[in-house]
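Written below as C-alpha coordinates is the structure these notes are about.
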Amino acid sequence: MQHEIEKLEEMYTVFNSPVVEAFIEDYPHLYPILTDAYEHIVKIFGSALQSAELRHETEPDDENEDNDFEYLSVLIKTNLPPQKAHKLQDQFDDEWWLDVEEDLIVISVEVPEQVA
(Lines give C-alpha, C1' and ligand atoms only; values in the text may rest on other atoms or scores of the structure.)
Protein backbone atom coordinates (compact mmCIF):
# COMPACT_ATOMS: atom_id res chain seq x y z
CA MET A 1 0.00 0.00 0.00
CA GLN A 2 2.98 2.31 0.58
CA HIS A 3 3.63 2.43 -3.18
CA GLU A 4 0.03 3.47 -3.82
CA ILE A 5 0.20 6.30 -1.28
CA GLU A 6 3.48 7.50 -2.78
CA LYS A 7 1.83 7.54 -6.21
CA LEU A 8 -1.12 9.53 -4.85
CA GLU A 9 1.31 11.97 -3.22
CA GLU A 10 2.82 12.60 -6.66
CA MET A 11 -0.62 13.66 -7.89
CA TYR A 12 -2.27 15.21 -4.85
CA THR A 13 -1.25 17.25 -1.86
CA VAL A 14 -2.17 14.60 0.72
CA PHE A 15 -3.06 15.77 4.22
CA ASN A 16 -2.51 13.33 7.09
CA SER A 17 -1.10 10.58 4.89
CA PRO A 18 -1.27 7.81 7.53
CA VAL A 19 -5.02 8.30 7.97
CA VAL A 20 -5.61 8.49 4.21
CA GLU A 21 -3.50 5.36 3.74
CA ALA A 22 -5.44 3.46 6.42
CA PHE A 23 -8.73 4.49 4.83
CA ILE A 24 -7.59 3.30 1.40
CA GLU A 25 -6.38 0.04 2.95
CA ASP A 26 -9.91 -0.43 4.30
CA TYR A 27 -11.41 0.46 0.89
CA PRO A 28 -8.81 -0.54 -1.73
CA HIS A 29 -11.26 0.00 -4.59
CA LEU A 30 -10.79 3.77 -4.01
CA TYR A 31 -7.18 3.84 -5.21
CA PRO A 32 -7.89 3.38 -8.95
CA ILE A 33 -10.77 5.84 -8.70
CA LEU A 34 -8.46 8.48 -7.22
CA THR A 35 -5.83 7.95 -9.91
CA ASP A 36 -8.47 8.14 -12.66
CA ALA A 37 -9.99 11.22 -11.03
CA TYR A 38 -6.66 13.03 -11.13
CA GLU A 39 -6.24 12.26 -14.83
CA HIS A 40 -9.69 13.68 -15.54
CA ILE A 41 -9.06 16.73 -13.35
CA VAL A 42 -5.87 17.54 -15.27
CA LYS A 43 -7.60 16.91 -18.60
CA ILE A 44 -10.47 19.28 -17.83
CA PHE A 45 -8.82 21.98 -15.72
CA GLY A 46 -5.48 21.95 -17.55
CA SER A 47 -3.16 24.85 -16.81
CA ALA A 48 -5.82 26.45 -14.57
CA LEU A 49 -5.24 23.68 -12.01
CA GLN A 50 -3.15 25.04 -9.16
CA SER A 51 -3.32 21.90 -7.03
CA ALA A 52 -5.49 18.99 -6.02
CA GLU A 53 -5.74 18.18 -2.33
CA LEU A 54 -6.69 14.84 -0.83
CA ARG A 55 -7.96 14.66 2.73
CA HIS A 56 -9.75 12.25 5.03
CA GLU A 57 -12.94 13.82 6.39
CA THR A 58 -15.40 12.78 9.07
CA GLU A 59 -18.95 14.00 9.52
CA PRO A 60 -20.66 13.19 12.80
CA ASP A 61 -23.85 11.21 12.78
CA ASP A 62 -26.15 13.09 15.16
CA GLU A 63 -28.29 10.02 15.76
CA ASN A 64 -25.47 7.56 16.43
CA GLU A 65 -22.12 8.84 17.73
CA ASP A 66 -20.44 5.53 16.94
CA ASN A 67 -21.45 5.77 13.29
CA ASP A 68 -19.62 8.85 11.98
CA PHE A 69 -19.49 9.09 8.19
CA GLU A 70 -15.93 8.94 6.86
CA TYR A 71 -14.88 9.77 3.32
CA LEU A 72 -12.05 11.16 1.21
CA SER A 73 -12.30 14.71 -0.02
CA VAL A 74 -10.63 15.90 -3.20
CA LEU A 75 -10.38 19.67 -3.47
CA ILE A 76 -9.52 21.08 -6.89
CA LYS A 77 -7.83 24.46 -6.45
CA THR A 78 -7.89 26.81 -9.41
CA ASN A 79 -7.31 30.47 -10.13
CA LEU A 80 -10.27 30.69 -12.48
CA PRO A 81 -13.22 32.99 -11.86
CA PRO A 82 -16.00 31.15 -9.98
CA GLN A 83 -18.37 30.91 -12.95
CA LYS A 84 -15.70 29.35 -15.20
CA ALA A 85 -14.44 27.01 -12.46
CA HIS A 86 -17.93 25.72 -11.71
CA LYS A 87 -18.60 25.26 -15.41
CA LEU A 88 -15.49 23.06 -15.61
CA GLN A 89 -16.64 21.15 -12.52
CA ASP A 90 -19.97 20.52 -14.24
CA GLN A 91 -18.05 19.26 -17.29
CA PHE A 92 -15.95 16.99 -15.04
CA ASP A 93 -19.12 15.65 -13.43
CA ASP A 94 -20.90 15.10 -16.74
CA GLU A 95 -17.96 13.53 -18.56
CA TRP A 96 -16.81 11.19 -15.82
CA TRP A 97 -17.62 11.63 -12.14
CA LEU A 98 -21.39 11.05 -12.27
CA ASP A 99 -20.76 7.64 -13.83
CA VAL A 100 -18.43 6.56 -11.01
CA GLU A 101 -21.07 6.46 -8.26
CA GLU A 102 -18.73 6.42 -5.28
CA ASP A 103 -20.06 7.76 -1.97
CA LEU A 104 -16.73 7.53 -0.16
CA ILE A 105 -15.14 10.30 -2.27
CA VAL A 106 -16.35 13.90 -2.52
CA ILE A 107 -14.85 16.12 -5.22
CA SER A 108 -15.25 19.89 -5.16
CA VAL A 109 -13.67 23.02 -6.59
CA GLU A 110 -12.19 25.93 -4.67
CA VAL A 111 -11.80 29.31 -6.34
CA PRO A 112 -9.97 32.36 -5.05
CA GLU A 113 -11.95 34.79 -2.94
CA GLN A 114 -13.22 37.74 -4.89
CA VAL A 115 -11.99 41.09 -3.64
CA ALA A 116 -14.76 43.67 -3.58
Nearest-0.5 Å distance, CD1 of residue Ile24 to CD of residue Glu4: 8.5 Å
Aromatic plane relationship, Phe23 with His56 - under 30° parallel, 30 to 60° tilted, over 60° perpendicular: perpendicular
Atom pair OG1 (Thr78) and CG (Leu88), whose distance is rounded to the nearest 0.5 Å: 7.5 Å
Beyond-backbone contact of Glu59 with Tyr71, side-chain heavy atoms, under 4.5 angstrom: yes
Contact check, side chains of Glu95 and Ile44, non-hydrogen atoms, under 4.5 Å: yes
Validation row: Ile105, Tyr27 side chains within 4.5 angstrom (heavy atoms): no
Side chains of Leu72 and Leu30 in contact at under 4.5 Å (non-hydrogen atoms): yes
Close side-chain approach of Met11 to Lys7, heavy-atom, < 4.5 Å: yes
Residues forming a salt bridge (charged side-chain N to carboxylate O under 4.0 Å, His left out) with Glu110, sequence neighbours excluded: Lys77
Cluster overlap Val106 with Leu75, hydrophobic side-chain contacts below 4.5 Å: no
Value rounded to 0.5 Å, distance of OH in Tyr31 from CD1 in Ile5: 8.5 Å
Non-hydrogen atoms of Val109 and Ala85 that approach each other most closely: CG1-CB, 3.9 Å
Shortest non-hydrogen contact between Leu80 and Lys84, atoms and distance: CD1-CG, 3.9 Å
Tyr12 side-chain N/O to Leu34 backbone N/O, donor-acceptor pair under 3.5 Å: yes
Point-to-point distance, once rounded to the nearest 0.5 Å, from CD of Glu70 to OG1 of Thr58: 4.5 Å
From OG (Ser73) to CD (Glu53), nearest 0.5 Å: 8.5 Å
Heavy atoms from other residues, nucleotides or ligands near CG of Asp103 exceed 12 (cutoff 6.0 Å): no
Atom pair CG/CD1 of Asp36 and Ile33 - distance to nearest 0.5 Å: 8.0 Å
Aromatic plane relationship, Phe92 with His40 - under 30° parallel, 30 to 60° tilted, over 60° perpendicular: perpendicular
Val74 side chain reached by Ile41 side chain, heavy atoms, under 4.5 Å: yes
Check against side chain to side chain contact (heavy atoms under 4.5 Å, CB included), Leu54 and Tyr38: CA-CA 10 Å; Leu54 177 60; Tyr38 186 78; over 6 Å; no
For Arg55 against Val20, the heavy-atom pair lying closest together: C-CG2, 4.3 Å
Side-chain heavy atoms of Val42 within contact of Leu49, under 4.5 Å: yes
Any Phe69 side-chain heavy atom under 4.5 Å of Glu57 side chain: no
